[in-house]
There are 2 protein chains.
Amino acid sequence: MTKPPVGSDQRTGGTLSRRERVREATLAEIKEIARRHLVEFGVAGVSLRAIAREMGMTAPGLYRYVPGIDALLVAITADMYEELADVVAEADAGMPAEDTDGRILASLRAFRYWAITHRAEFSVMFGPRTRLDPDADITRALEAGRRFGSTFFTLFDRLVTEERFPLPADEDLPESLRRELRSFTGTIGFTSPDITEGAAMVLTTCWVRLYGVVCMEVFQHLNFVVGDMEPLFESELQNMTKDLGVRYSPPLRVAGVQGSS
Amino acid sequence: MTKPPVGSDQRTGGTLSRRERVREATLAEIKEIARRHLVEFGVAGVSLRAIAREMGMTAPGLYRYVPGIDALLVAITADMYEELADVVAEADAGMPAEDTDGRILASLRAFRYWAITHRAEFSVMFGPRTRLDPDADITRALEAGRRFGSTFFTLFDRLVTEERFPLPADEDLPESLRRELRSFTGTIGFTSPDITEGAAMVLTTCWVRLYGVVCMEVFQHLNFVVGDMEPLFESELQNMTKDLGVRYSPPLRVAGVQGSS
DNA sequence: CGCTTAAGTGAACACCGTTAGCAAACACTG
DNA sequence: CAGTGTTTGCTAACGGTGTTCACTTAAGCG
């Protein structure tokens with residue numbers, strides 16, 4: 001009885017035995033249904049019994065594939081990070097490689113658009129860590145999260161090397177902040193020599209602003225006061241890009257932005 | 001059989017009959033235990049049966065006081081908004097009335113400090129609306145939220161009248177954004193004639209930044225990368241106050257900030 | 001004091017996660 | 001092909017949850 005790892009086990013050589021293939025398919029079906037229940041009923045509405053019912057089997061059977069409900073949620077969270085990373089990377093790749101400004105705008109807008117069209121998913125990814133075992137294995141989710149961030153980091157790196165905006169001098173930052181920023185650049189695996197503490201500081205500030213405006217829109221904490229948050233987002237985007245020395249251009253009008261998840 | 005409203009019913013005249021008094025006390029006990037379970041086990045760990053057990057009664061009995069678990073959560077959420085509003089207002093009142101700069105800094109820091117020392121509460125208040133009936137009666141929570149915001153609005157109003165910072169001209173803002181901002185100032189009950197759309201814009205931007213940095217700290221989405229978020233918060237505070245024409249001054253060192261809820 | 005009404009209980013229903021033991025299907029080896 | 005070990009899924013069961021209903025008890029009021 002081998003412990004069921006919840007991630008997709010990459011078989012050496014890529015050849016999967018018949019058994020492994022059907023196993024992968026079942027696991028994929030479980031996660032697909034879980035994901036669907038997540039968007040339909042919210043995170044509290046994801047249950048092993050309901051998934052099993054829909055699959056025509058019983059709940060204990062799922063334990064052959066997943067060690068428990070918490071691990072399943074962590075697993076689909078990791079999947080969602082990868083999906084988001086793909087979406088952002090695609091938006092980035094959809095612009096001409098030299099057009100750093102356009103790539104940045106496209107990436108950031110892709111992030112927001114994915115967020116507001118995937119509210120439930122965004123909530124479990126970027127909201128409070130409710131209902132997740134503190135000792136759950138979230139390494140895969142963290143890894144996907146890192147990959148998601150790397151798209152932005154790379155673009156930011158280009159801005160720094162192109163000297164688009166004035167960097168705050170490291171000496172101007174308080175020592176406590178500099179220490180945190182150093183650990184930041186270290187963990188991120190950012191090897192560019194141009195990433196000074198000042199640059200890390202700017203990057204973090206931008207991320208906080210983006211995170212704030214998107215969270216506010218998804219969590220609807222201004223919805224009693226602001227109906228359509230898009231103008232506000234674009235305005236924030238404009239502010240941010242101005243600070244980064246990026247040329248802002250308004251978005252192409254896309255039909256059907258109002259789609260509620 | 002009267003429907004049990006979950007909020008504290010203010011009796012006309014303030015005189016409560018004995019029956020009403022003990023009823024209020026029981027309701028208060030229910031909410032007190034619910035709150036304790038919330039901080040101890042998270043929002044998923046709040047259950048009517050557990051509360052009843054601790055009170056020495058059975059779960060159905062609680063239905064005399066509360067229409068259901070969701071309504072109970074909404075009720076304590078409203079309480080928490082009021083508590084947070086009090087805390088911020090106290091911090092504000094703790095500074096000399098003329099010292100607008102100090103009052104603002106104190107209020108913002110009080111907000112963050114309450115947030116990081118009340119993670120569970122903050123999560124249900126400002127996180128995604130998980131586990132809350134869409135049709136639940138959240139008017140009391142909204143009202144308390146409004147009162148919470150008003151402290152900041154009032155201080156901001158002073159900054160505007162004192163002309164601390166240059167206001168963006170209304171004409172520079174796109175029409176779609178202006179419309180949202182108008183609805184904002186309207187809903188907020190902000191009657192000051194100085195609150196132009198540009199001013200509302202600056203206020204909103206600041207709130208988004210504050211919300212972002214505090215959410216990020218409480219939800220711990222940078223914790224694999226930044227240990228102590230306080231320097232980052234102070235840095236953001238410095239940036240924000242600079243834009244507002246507020247004189248920044250570093251915080252007084254408080255012992256025991258590290259206290260984990 | 002008697003009557004009305006509120007408070008609380010027990011049983012029941014329908015869910016949930018999770019464990020243990022068992023039977024059938026499967027894959028593989030001699 | 002037969003035999004064997006593994007994988008898969010089931011049933012039963014335990015303890016937990018929210019919620020409804022019928023009922024008894026207790027308190028307050030006229």
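Because the structure is predicted, anything quoted here is derived from the model rather than measured.
Residue A:Ala59 is in base contact, counting any heavy-atom pair closer than 4.0 Å across all strands shown. If you check every strand for non-hydrogen atoms under 4.0 Å, A:Gly56 touches sugar and phosphate atoms only.
Contact check, B:Arg23 against C:dA6: no side-chain N or O comes under 4.0 Å of OP1 or OP2. Between A:Thr58 and the phosphate of D:dC10, there is a side-chain N or O to OP1/OP2 separation shorter than 4.0 Å. At the phosphate of D:dG15, neither OP1 nor OP2 sits under 4.0 Å from any side-chain N or O atom of B:Arg53.
Rounded to an integer number of Å, the gap from CD of B:Glu29 to P of C:dA7 is 15 Å. Atom CD of B:Glu20 and atom C1' of C:dT5 are 14 Å apart (whole Å). Atom CG of A:Leu48 and atom C1' of C:dT18 are 9 Å apart (whole Å). Taking atom CZ of residue A:Arg21 and atom P of nucleotide C:dC26, one finds them 14 Å apart after rounding to whole Å. To the nearest angstrom, C1' of D:dG16 lies 14 Å from CZ of B:Phe41. Taking atom CG on B:Asp70 and atom P on D:dG18, their separation rounds to 10 Å, with Å as the unit. When the P atom of D:dG16 is taken as reference, atom NE2 of B:His37 falls 14 Å away, rounded to whole Å. Rounded to a whole Å, the CZ atom of A:Arg49 is 15 Å from the P atom of D:dG15.
With sequence neighbours left out, A:Glu32 forms a side-chain hydrogen bond (donor to acceptor under 3.5 Å, both in side chains) with A:Arg36.
When each of C:dA12, C:dT9, D:dA12 is scored by its nearest atom to the side-chain atoms of A:Pro60, the top-ranked nucleotide is D:dA12. Residue B:Arg64 places its side chain closer to C:dA7 than to any other of C:dA7, C:dA12, C:dG21. Here the nucleotide nearest the side chain of B:Tyr63, chosen from D:dT8, C:dC16, D:dT20, is D:dT20. Distance from the side chain of A:Met57 is smallest for D:dG9 among the nucleotides D:dG9, C:dC16, C:dG17.
A side-chain contact (heavy atoms from CB on, under 4.5 Å) with A:Leu237 is found for one member of A:Arg112, A:Arg209, A:Arg109 and no other, namely A:Arg109.
Using the six-membered ring where Trp is involved, B:His118 and B:Trp114 have ring planes that are parallel, under 30° apart on the 30 and 60° scheme. In this structure, B:Tyr81 and B:Phe148 have tilted ring planes: the angle between them lies in the 30° to 60° band. A tilted orientation is assigned to the rings of A:Phe126 and B:His221, their planes being inclined by 30° to 60°.
When atom types are taken as modelled, the side chain of B:Glu180 and the backbone of A:Gly227 share a donor-acceptor pair closer than 3.5 angstrom.
Here the CG-CE distance, from A:Leu62 to A:Met57, works out to 5.0 Å after rounding to the nearest 0.5 Å.
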Using a cutoff of under 3.5 Å, can you pull out all pairs of nitrogen or oxygen atoms linking the protein to nucleotides 27-30 of chain D, with atom names and distances?
{"unit_1": "D:dG28", "atom_1": "OP1", "unit_2": "B:Arg18", "atom_2": "NE", "d": "2.5"}
{"unit_1": "D:dG28", "atom_1": "O4'", "unit_2": "B:Arg19", "atom_2": "NH1", "d": "2.9"}

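Annotation: A:Phe153 is not in aromatic contact with A:Trp207 [ring centroid separation under 6.0 Å not met].
Comparing B:Ser47 and A:Thr26 by the nucleotide of DNA chain D whose heavy atom lies nearest to each, the residue mapping closer to the 5' end is A:Thr26.
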